[in-house]
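Residue numbers begin at 1 in each chain, while the letters A, B, ... track the order of the sequences.
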Number of protein chains: 2
Amino acid sequence: MAKRQKVPAGKPDYVKELSKAGIRVTRPRRVIIDILTETDDHPDAMEIFRRAVQVDKSISLSTVYRTMKLLEGFGAIHRHAFGSGPARFENAAGEHHDHLIDLDTGDVIEFKSDRIEALQAEIAQALGYDIVHHRLELYGRKKASG
Amino acid sequence: MAKRQKVPAGKPDYVKELSKAGIRVTRPRRVIIDILTETDDHPDAMEIFRRAVQVDKSISLSTVYRTMKLLEGFGAIHRHAFGSGPARFENAAGEHHDHLIDLDTGDVIEFKSDRIEALQAEIAQALGYDIVHHRLELYGRKKASG
DNA sequence: GGATCAGTTGACAATCATTTGCAAATCAAC
DNA sequence: GTTGATTTGCAAATGATTGTCAACTGATCC
Ligand SMILES: [Mn+2]
Ligand SMILES: [Mn+2]
Ligand SMILES: [Zn+2]
Ligand SMILES: [Zn+2]
């Protein structure tokens with residue numbers, strides 16, 4: 001029986017996808033992609049860089065930024081701008097969702113509302129537009145009671 | 001009959017508000033506040049600076065930035081981050097609304113949906129949070145049809 | 001396996017938006 | 001008008017991101 005590699009659910013094989021598109025799969029890129037596919041938080045470039053260096057001492061911050069731009073172009077990752085500060089990234093593989101940011105702790109909580117998504121499309125339609133993408137962020141505090 | 005100054009609807013008297021709060025109402029601040037209350041678009045700091053210079057040649061960009069921070073702290077203006085690029089500001093006086101950005105032209109269209117606002121609060125509540133503020137931006141293109 | 005060469009990288013300079021330090025100017029109060 | 005703390009303009013500093021470029025390295029073809 002021939003060996004068959006199976007990509008784990010939610011972790012599409014971007015490496016294969018890139019090489020299919022004629023883009024080189026280099027060592028730094030592989031390391032960065034691994035970090036992005038294995039994390040479930042929203043790290044910024046510096047944090048991705050820190051994690052990458054632990055795998056490959058020679059990776060540079062420039063390459064992290066370049067790779068983020070490359071992957072974003074591919075739709076492989078999403079770029080966020082929570083509050084102020086540096087851009088933060090996340091693997092685009094999972095289902096679409098929006099974010100609730102805890103103003104006290106900085107925690108990012110993911111949520112999804114089909115009703116809100118539908119209303120957004122409805123509103124855009126009424127204004128004569130098709131939505132390409134959107135950004136919904138709620139900033140809040142834990143309810144007083146806990 | 002005593003002269004009674006009436007603030008035009010949607011243009012609260014921030015000048016008075018500031019001086020009441022013990023903050024100096026200086027010439028540069030007055031100029032900048034006037035610009036913000038008289039415009040209905042979403043200018044960035046450089047654009048506000050350009051408009052301010054036409055009124056008072058000596059105003060500096062630093063003061064524009066400082067005044068934006070001051071007014072934001074007062075809740076007098078909102079700071080936006082549409083797409084990438086510099087922050088953009090708008091007078092907070094009007095009713096709350098969200099934005100649809102035309103990806104082709106950069107046009108910013110304002111809209112308001114009570115249903116979306118209600119859903120947001122509902123979602124936050126379900127997650128154990130009270131919303132302090134939120135950001136909803138739709139990015140889209142004019143529907144193909146004319 | 002080794003040569004080839006365009007795509008990619010690391011180092012570091014440059015850019016962009018924004019903030020800060022500081023001496024001089026200016027408000028608001030007396 | 002004098003006064004003293006606040007605010008300003010200027011220039012230098014900062015933080016995030018992008019650009020330059022010589023050196024390197026993957027994929028392809030022998
Ligand atoms: Mn997320
Ligand atoms: Mn607006
Ligand atoms: Zn959404
Ligand atoms: Zn809203």
Rounded to whole Å, how long is the line connecting atom [atom1] of [X] with atom [atom2] of [N]?
{"X": "A/I23", "N": "C/dT8", "atom1": "CD1", "atom2": "C1'", "answer": "11 Å"}
{"X": "B/I59", "N": "C/dT26", "atom1": "CD1", "atom2": "C1'", "answer": "14 Å"}
{"X": "B/R50", "N": "C/dA17", "atom1": "CZ", "atom2": "P", "answer": "10 Å"}
{"X": "B/I33", "N": "D/dT7", "atom1": "CD1", "atom2": "C1'", "answer": "14 Å"}
{"X": "B/E47", "N": "C/dA17", "atom1": "CD", "atom2": "P", "answer": "13 Å"}
{"X": "A/R30", "N": "C/dT9", "atom1": "CZ", "atom2": "P", "answer": "12 Å"}

Separation between NZ of B/K69 and CZ of B/F74, rounded to the nearest 0.5 Å |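 So the NZ of B/K69 and the CZ of B/F74 are separated by 15.5 Å.
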Salt bridge (Lys or Arg N to Asp or Glu O under 4.0 Å) partner of A/R51, the single match among A/D34, A/D44, A/D41 |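 Only one of A/D34, A/D44, A/D41 forms a salt bridge (Lys or Arg N to Asp or Glu O under 4.0 Å) with A/R51, namely A/D41.
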Least distance between heavy atoms, [X] atom then [Y] atom:
{"X": "B/A81", "Y": "B/E137", "value": "O-OE1, 3.9 Å"}
{"X": "B/T63", "Y": "B/I32", "value": "O-CD1, 4.0 Å"}
{"X": "B/H97", "Y": "B/K112", "value": "CA-CD, 4.2 Å"}

Side chains of B/H96 and B/H134, donor plus acceptor under 3.5 Å =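 Result is yes, a qualifying pair exists.
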Below 4.0 Å: OP1/OP2 of D/dT8 and any side-chain N or O of B/R29 |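 Checking B/R29 against D/dT8: at least one side-chain N or O falls below 4.0 Å of OP1 or OP2.
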Contact under 4.0 Å: A/T26 side-chain N or O vs C/dG7 OP1/OP2 =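 No, because none of the side-chain N or O atoms of A/T26 sits under 4.0 Å from OP1 or OP2 of C/dG7.
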Taking for each residue the nucleotide of DNA chain C bearing the nearest heavy atom, is the 5' side occupied by B/R27 or by A/T63?
->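 Checking each residue's closest nucleotide, the 5'-ward one belongs to A/T63.
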Which parts of nucleotides 16-25 of chain D does protein reach within less than 4.0 Å, heavy atoms only, written one letter per nucleotide 5' to 3' as B for base, S for sugar-phosphate only and - for none?
-> SBBBB----B
